[in-house]
Amino acid sequence: MEEYITIALPKGKLFKRSLDLLGKVGYSAEGVSENSRKLVIANEETKVRFIITKTVDLPTYVEYGAADIGIIGKDVLLEEQKDVYELLDLGFGKCRLMMAVPEAKKRSELKDYAHLRVATKYPRCARDYFDKLGIQMEIVKLNGSIELGPLIGLSELIVDIVETGTTIKENKLMEVDSIFTSTARLIANPVSFKLKFERLHKLVVDLRAVLAAEKGDKKAK
């Protein structure tokens with residue numbers, strides 16, 4: 001299968017845009033869908049294979065070479081810390097990791113939140129953030145609705161990814177600090193990038209051209 005390029009796509013919000021963007025540079029296959037029962041979908045003509053994975057698993061597939069490349073949010077890369085090459089910032093899927101607290105419990109300084117319990121899907125990123133602030137916190141990892149933590153007394157505050165912030169406002173939480181901004185990134189397995197350099201380098205160049213053209217079209221409008 002060395003002649004193939006295997007691409008990992010994440011289920012969820014990044015999927016459709018990732019598929020559309022790759023299609024514009026000739027990387028497509030019939031039947032690629034989030035709901036496909038096929039685990040591997042190939043295009044025999046262009047020698048491209050797609051695998052669709054859970055977001056959190058995607059960097060692992062790329063790190064171990066099960067996929068040559070993948071598209072994933074920067075937030076997942078920072079949290080998972082896998083050994084992959086980050087080739088290109090694709091610019092879409094913009095969101096931010098932030099800290100939020102119940103409106104009634106806002107404090108004047110960030111350091112005033114020390115020694116509290118934090119609910120988050122991003123324990124590594126949260127701990128790094130609080131370490132930089134120089135404050136100790138108890139980190140509680142959750143996989144579901146993080147906003148529930150302060151509402152039922154599991155935690156005093158949350159660290160979570162938001163796009164518009166509507167959900168936290170609806171739950172009477174308020175953002176008190178923005179930690180970092182995340183966008184979709186094209187990543188590669190280090191060995192694959194060396195062995196298939198010519199083809200993967202061309203992919204990066206072609207994607208840059210498409211993104212630049214799209215940006216130019218938006219400005220023209």
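The figures here come from the full heavy-atom set of this structure, side chains too, leaving out hydrogens, waters and symmetry mates.
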Q: Before giving the answer on side-chain contact (heavy atoms from CB on, under 4.5 Å), spell out for Lys16 and Asp20 the whole-Å C-alpha distance, their side-chain angles and the decisive distance to 0.1 Å.
A: CA-CA 6 Å; Lys16 187 178 185 305; Asp20 290 345; 3.0 Å; yes
Q: Might you point out which heavy atoms bring Leu97 and Cys125 nearest each other, and give the distance in Å?
A: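 For Leu97 versus Cys125, the nearest heavy atoms are CD2-CB, 3.8 Å.
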Q: Hey, is the main chain of Glu3 close enough, under 3.5 Å, to the side chain of Arg199 for a donor-acceptor pair?
A: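 Confirmed, Arg199 side chain pairs with Glu3 backbone.
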Q: Taking the basic N atoms (NZ, or NE/NH1/NH2) and the acidic carboxylate oxygens, is any pair closer than 4.0 Å for Lys106 and Glu156?
A: no
Q: Do Asn171 and Lys169 pair up side chain to side chain, a donor and an acceptor below 3.5 Å, judged on atom types alone?
A: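 Looking only at side-chain atoms, Lys169 and Asn171 do not form any donor-acceptor pair under 3.5 Å.
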Q: Arg117 and Ser155: side-chain donor and acceptor closer than 3.5 Å?
A: no
Q: Please check: side-chain N/O of Glu63 versus main-chain N/O of Asp83, any donor-acceptor pairing under 3.5 Å?
A: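 Yes: the side chain of Glu63 pairs with the backbone of Asp83.
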Q: Give the minimum heavy-atom separation between Arg124 and Glu79, together with the two atoms involved.
A: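 Smallest interatomic distance, heavy atoms only, reads NE-O, 2.6 Å.
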Q: Count I, L, V, M, F, W, Y as connected when their side-chain heavy atoms are under 4.5 Å apart, and connections chain through other members. Are Leu88 and Val62 then in the same cluster?
A: no
Q: Compute whether any side-chain donor of one residue and acceptor of the other, for Ser108 and Asp112, lie under 3.5 angstrom apart.
A: yes
Q: Would you please classify the geometry between the Phe197 ring and the Phe193 ring as parallel, tilted or perpendicular, with 30° and 60° separating the classes?
A: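 Ring orientation, 0 to 90° scale: perpendicular.
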Q: Ignoring hydrogens and geometry beyond distance, is a side-chain donor-acceptor pair present between Asp57 and Thr60 at under 3.5 Å?
A: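 Looking only at side-chain atoms, Thr60 and Asp57 do not form any donor-acceptor pair under 3.5 Å.
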Q: For the backbone of Leu77 and the side chain of Glu80, can you confirm whether one donor and one acceptor N or O come within less than 3.5 Å of each other?
A: no
Q: To the nearest 0.5 Å, how far apart are CE in Met98 and CG in Asp160?
A: 5.5 Å
Q: Hey, which of Leu110, Leu173, Val118 is the one that makes side-chain contact (heavy atoms from CB on, under 4.5 Å) with Met99?
A: Leu110
Q: Can you find a pair of side-chain heavy atoms, one from Val101 and one from Met174, that are under 4.5 Å apart?
A: yes
Q: Do the side chains of Leu116 and Arg107 get nearer than 4.5 Å, heavy atoms only?
A: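 They are in side-chain contact.
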Q: Compare every heavy atom of Gly91 with every heavy atom of Thr183, then report the nearest pair and how far apart it is.
A: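 Nearest pair, atom of Thr183 first, then Gly91: CG2-O, 3.9 Å.
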Q: Provide the closest heavy-atom pair for Ile146 versus Ala119 in the form atom of the first, atom of the second, distance.
A: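 For Ile146 versus Ala119, the nearest heavy atoms are CG2-O, 3.3 Å.
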Q: When you compare the side chains of Tyr64 and Asn189, does any donor N or O come within less than 3.5 Å of an acceptor on the partner?
A: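 The criterion, which ignores hydrogens and geometry beyond distance, is not satisfied for Asn189 and Tyr64.
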Q: Would you tell me whether Asp75 and Tyr122 have side-chain atoms, one donor and one acceptor, within less than 3.5 Å of each other?
A: yes
Q: Nearest 0.5 Å, please: how far is OG1 in Thr120 from CD1 in Ile158?
A: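 Reported value, rounded in 0.5 Å steps: 8.0 Å.
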Q: Please lay out, stage by stage, how Ile52 and Val32 fare under the test side-chain contact (heavy atoms from CB on, under 4.5 Å).
A: CA-CA 8 Å; Ile52 295 116; Val32 179; 4.2 Å; yes
Q: As an exercise, state the distance from CD1 of Ile51 to CG of Leu39, rounded to the nearest 0.5 Å.
A: 9.5 Å
Q: Please determine whether the number of non-hydrogen atoms from other residues, nucleotides or ligands lying under 6.0 Å from atom NZ of Lys13 exceeds 12.
A: no
Q: Quick one: do Ser192 and Ile69 satisfy side-chain contact (heavy atoms from CB on, under 4.5 Å)? Show the steps, please.
A: CA-CA 8 Å; Ser192 294; Ile69 58 173; over 6 Å; no
Q: So with a 6.0 Å cut-off around CD of Gln136, is the heavy-atom count from everything else above 12?
A: no
Q: So do the side chains of Leu78 and Phe180 get within less than 4.5 Å of each other, counting heavy atoms only?
A: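 Sidechains of Phe180 and Leu78: in contact.
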Q: Minimum heavy-atom separation for Ile41 to Ser33, with atom names?
A: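 Where Ile41 meets Ser33 most closely, the heavy atoms are CD1-N, 4.4 Å.
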Q: Looking at every non-hydrogen atom in both residues, tell me the closest pair between Pro102 and Pro150 and how far apart they are.
A: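 Between these two residues, the closest heavy atoms are CG-CB, 3.8 Å.
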Q: Any side-chain heavy atom of Ile5 sitting closer than 4.5 Å to one from Lys196?
A: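 Contact flag for Ile5/Lys196 side chains = yes.
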Q: Roughly how far, to the nearest 0.5 Å, is CD1 of Ile187 from CG of Leu58?
A: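 Spacing of CG (Leu58) from CD1 (Ile187) equals 5.5 Å.
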Q: Closer than 4.0 angstrom, basic N to acidic O: yes or no for Arg96 and Glu175?
A: yes
Q: Decide yes or no on side-chain hydrogen bond (donor to acceptor under 3.5 Å, both in side chains) for Tyr4 and Asp68, but give the supporting numbers first.
A: CA-CA 9 Å; Tyr4 278 79; Asp68 298 306; over 6 Å; no
Q: Assigning hydrophobic clusters by single linkage (Ile, Leu, Val, Met, Phe, Trp, Tyr; side-chain heavy-atom cutoff under 4.5 Å), is Leu87 placed with Leu21?
A: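 Looking at the clustering, Leu21 is in the same group as Leu87.
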Q: Do NZ/NE/NH1/NH2 and the carboxylate oxygens of Glu86 and Arg185 come within less than 4.0 Å?
A: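 Arg185 and Glu86: salt-bridged.
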Q: Evaluate salt bridge (charged side-chain N to carboxylate O under 4.0 Å, His left out) for Glu214 paired with Arg17, printing each intermediate quantity in order.
A: CA-CA 13 Å; Glu214 290 181 348; Arg17 173 62 172 150; 2.5 Å; yes
Q: In Å, rounded to the nearest 0.5 Å, how long is the span from CD of Glu147 to NZ of Lys172?
A: 14.5 Å
Q: Are Val162 and Val176 co-members of a hydrophobic cluster defined by side-chain heavy atoms under 4.5 Å apart?
A: no
Q: How long is the span from the NZ atom in Lys24 to the CG atom in Asp206, to the nearest 0.5 Å?
A: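 Separation between the atoms: 13.5 Å.
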Q: Take Leu157 and Met137 through the test side-chain contact (heavy atoms from CB on, under 4.5 Å) and record every step on the way to the result.
A: CA-CA 10 Å; Leu157 51 90; Met137 307 292 276; 3.8 Å; yes
Q: Is it the case that more than 12 heavy atoms not belonging to Tyr61 sit under 6.0 Å from its OH atom?
A: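 No.
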Q: Is it true that Leu133 and Tyr113 fall in one hydrophobic cluster, defined by side-chain heavy atoms closer than 4.5 Å?
A: yes
Q: Is the number of heavy atoms from other residues, nucleotides or ligands under 6.0 Å of Lys141 NZ greater than 12?
A: yes
Q: Between Ser18 and Leu14, is there a donor-acceptor pair closer than 3.5 Å when you use the side chain of the first and the backbone of the second?
A: yes
Q: Is there a path of hydrophobic side-chain contacts, each under 4.5 Å between heavy atoms of I, L, V, M, F, W or Y residues, that connects Val48 with Leu9?
A: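 Yes, same cluster.
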